[in-house]
Novice: 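Structure below; questions to follow.
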Amino acid sequence: NQLDNPAIEGLVVTSRDMTERKNAEDTLRRSEEKFRSIMENSKIGFSLFNKDSVVHYLSPTNEVIFGYSEEELLSMNLQYMIHPDDRKMTESQFRRLLDGEEVGPVEFRWLMKDGRWKWIESNAFNYLDNKSLQSILVTYQDVNQRHESDSRIRYQAAMLDFVSDAIILQELNGKILFWNKGAENMY
């Protein structure tokens, strides 16, 4: 403290208004917290790939969807986790995406850690030219239950064709939605 020094005849104080900077930092912190919360709590998995198909980000949800830890997923060649019958289609979609085409959602089977195959729906977006991302963004969701339900419905519908009685499904307004072979033969 130099206030007791007789050679000092004044005091210089400088200050700077930090309000704008603090507000910007608070806004950025809230935005990052919101993004992190979305990534950690979403039922949809997110991954970022480079143009060579190398993963450089996996959201925590991927472990729930795919059944493997982040470390396991990052150490795998993910191409081999896709069912052999679905690989050409997924590879084609990725090439089209790299060529600048928009691609729609795709469904493929994924090899789970316990050896089962699970249906996954995926969407991919090319952000390689975006300075903030410079990645391919891929989203995933588990659609296995929907596939199993659709399969059961198709099976039950096929069973109706073995019944010789006429079965007709119709809306209240009279519109016919379905009839079996027995109804075809009878009418």
Novice: Do you know which two heavy atoms are closest between Arg21 and Met18, and how far apart they sit?
Specialist: NH1-CE, 3.0 Å
Novice: Sort out for me which residue in Trp110, Phe108, Trp117, Trp119 forms a side chain to side chain contact (heavy atoms under 4.5 Å, CB included) with His83.
Specialist: Trp117
Novice: Does the Asn173 side chain pair with the main chain of Lys175, one donor and one acceptor, at a distance under 3.5 Å?
Specialist: yes
Novice: Between Glu32 and Arg36, is there a side-chain N and carboxylate O pair less than 4.0 Å apart?
Specialist: no
Novice: Got Met81 and Phe66 here, is their nearest side-chain heavy-atom distance under 4.5 Å?
Specialist: no
Novice: Nearest heavy-atom pair of Ile120 and Asp142: which atoms, and what distance?
Specialist: CD1-CA, 4.2 Å
Novice: Are Phe94 and Val106 connected, step by step, through hydrophobic side chains (Ile, Leu, Val, Met, Phe, Trp, Tyr) whose heavy atoms are closer than 4.5 Å?
Specialist: yes
Novice: Considering all heavy atoms of both residues, which atom of Phe178 and which atom of Asn180 are nearest to each other, and what is their separation?
Specialist: CE2-N, 3.8 Å
Novice: Is there a donor-acceptor pair under 3.5 Å between the side chain of Thr27 and the backbone N or O of Asn23?
Specialist: yes
Novice: Is any side-chain heavy atom of Leu48 closer than 4.5 Å to one of Leu137?
Specialist: yes
Novice: Is it possible for you to say whether Leu73 and Ile44 belong to one hydrophobic cluster, with membership spreading through side-chain heavy-atom contacts below 4.5 Å?
Specialist: no
Novice: Has Lys113 got more than 12 heavy atoms of other residues, nucleotides or ligands less than 6.0 Å from its NZ?
Specialist: yes
Novice: Are any side-chain N or O atoms of Asn130 and backbone N or O atoms of Ser135, one a donor and one an acceptor, separated by less than 3.5 Å?
Specialist: no
Novice: Taking the side chain as every heavy atom from C-beta outward, state whether Leu133 and Phe125 have any pair of such atoms under 4.5 Å apart.
Specialist: no
Novice: Just by modelled atom types, is the Val54 backbone N or O under 3.5 Å from a matching donor or acceptor in the Asp52 side chain?
Specialist: no
Novice: Locate the shortest heavy-atom distance separating Ile65 from Tyr140; write the atom from each residue and the value.
Specialist: CD1-O, 3.5 Å
Novice: Please check: side-chain N/O of Ser149 versus main-chain N/O of Gln145, any donor-acceptor pairing under 3.5 Å?
Specialist: yes
Novice: For Glu101, I'd like to know if atom CD has over 12 heavy atoms of other residues, nucleotides or ligands within 6.0 Å.
Specialist: yes
Novice: Can you measure from CE (Met89) to CD1 (Ile82) and round to the nearest 0.5 angstrom?
Specialist: 8.0 Å
Novice: Is it true that a side-chain atom of Ser122 and a backbone atom of Thr139 form a donor plus acceptor pair closer than 3.5 Å?
Specialist: yes
Novice: Roughly how far, to the nearest 0.5 Å, is the CG atom of Asp165 from the NZ atom of Lys181?
Specialist: 16.0 Å
Novice: Quick check: do Asp85 and Arg109 have side-chain heavy atoms less than 4.5 Å from each other?
Specialist: yes
Novice: More than 12 non-hydrogen atoms from neighbouring residues, nucleotides or ligands closer than 6.0 Å to CD on Glu20, yes or no?
Specialist: no
Novice: Any chance you could measure Glu102, atom CD, to Asn123, atom CG, to the nearest 0.5 Å?
Specialist: 11.0 Å
Novice: Is there a side-chain contact between Glu70 and Asn62 in this structure, where contact means two heavy atoms from C-beta onward sitting under 4.5 Å apart?
Specialist: no
Novice: Flag yes if Phe46 and Leu97 sit in one hydrophobic cluster, no otherwise; membership is Ile, Leu, Val, Met, Phe, Trp, Tyr, and two members link when side-chain heavy atoms are under 4.5 Å apart.
Specialist: no
Novice: Can you name the nearest heavy-atom pair linking Thr61 to Ser42, along with the distance?
Specialist: OG1-O, 2.8 Å
Novice: Is it true that Leu78 and Ile136 fall in one hydrophobic cluster, defined by side-chain heavy atoms closer than 4.5 Å?
Specialist: yes
Novice: Following the transitive rule for hydrophobic clusters with a side-chain heavy-atom cut-off under 4.5 Å over Ile, Leu, Val, Met, Phe, Trp and Tyr, establish whether Tyr68 and Met112 coincide in one cluster.
Specialist: yes
Novice: In Å, rounded to the nearest 0.5 Å, how long is the span from CD of Glu107 to OG1 of Thr90?
Specialist: 13.0 Å
Novice: Is any NZ, NE, NH1 or NH2 atom of the basic residue among Arg29 and Glu25 found under 4.0 Å from an Asp or Glu carboxylate oxygen of the other?
Specialist: no
Novice: Could you tell me if the side chain of Val55 sits less than 4.5 Å from the side chain of Val138, heavy atoms only?
Specialist: no
Novice: What distance separates Lys51 NZ from Leu98 CG, expressed to the nearest 0.5 Å?
Specialist: 9.0 Å
Novice: Return the OH to CD distance between Tyr127 and Gln134, rounded to the nearest 0.5 Å.
Specialist: 14.5 Å
Novice: Ignoring hydrogens, what is the shortest heavy-atom contact between Lys118 and Val64? Give both atom names and the distance.
Specialist: NZ-O, 4.2 Å
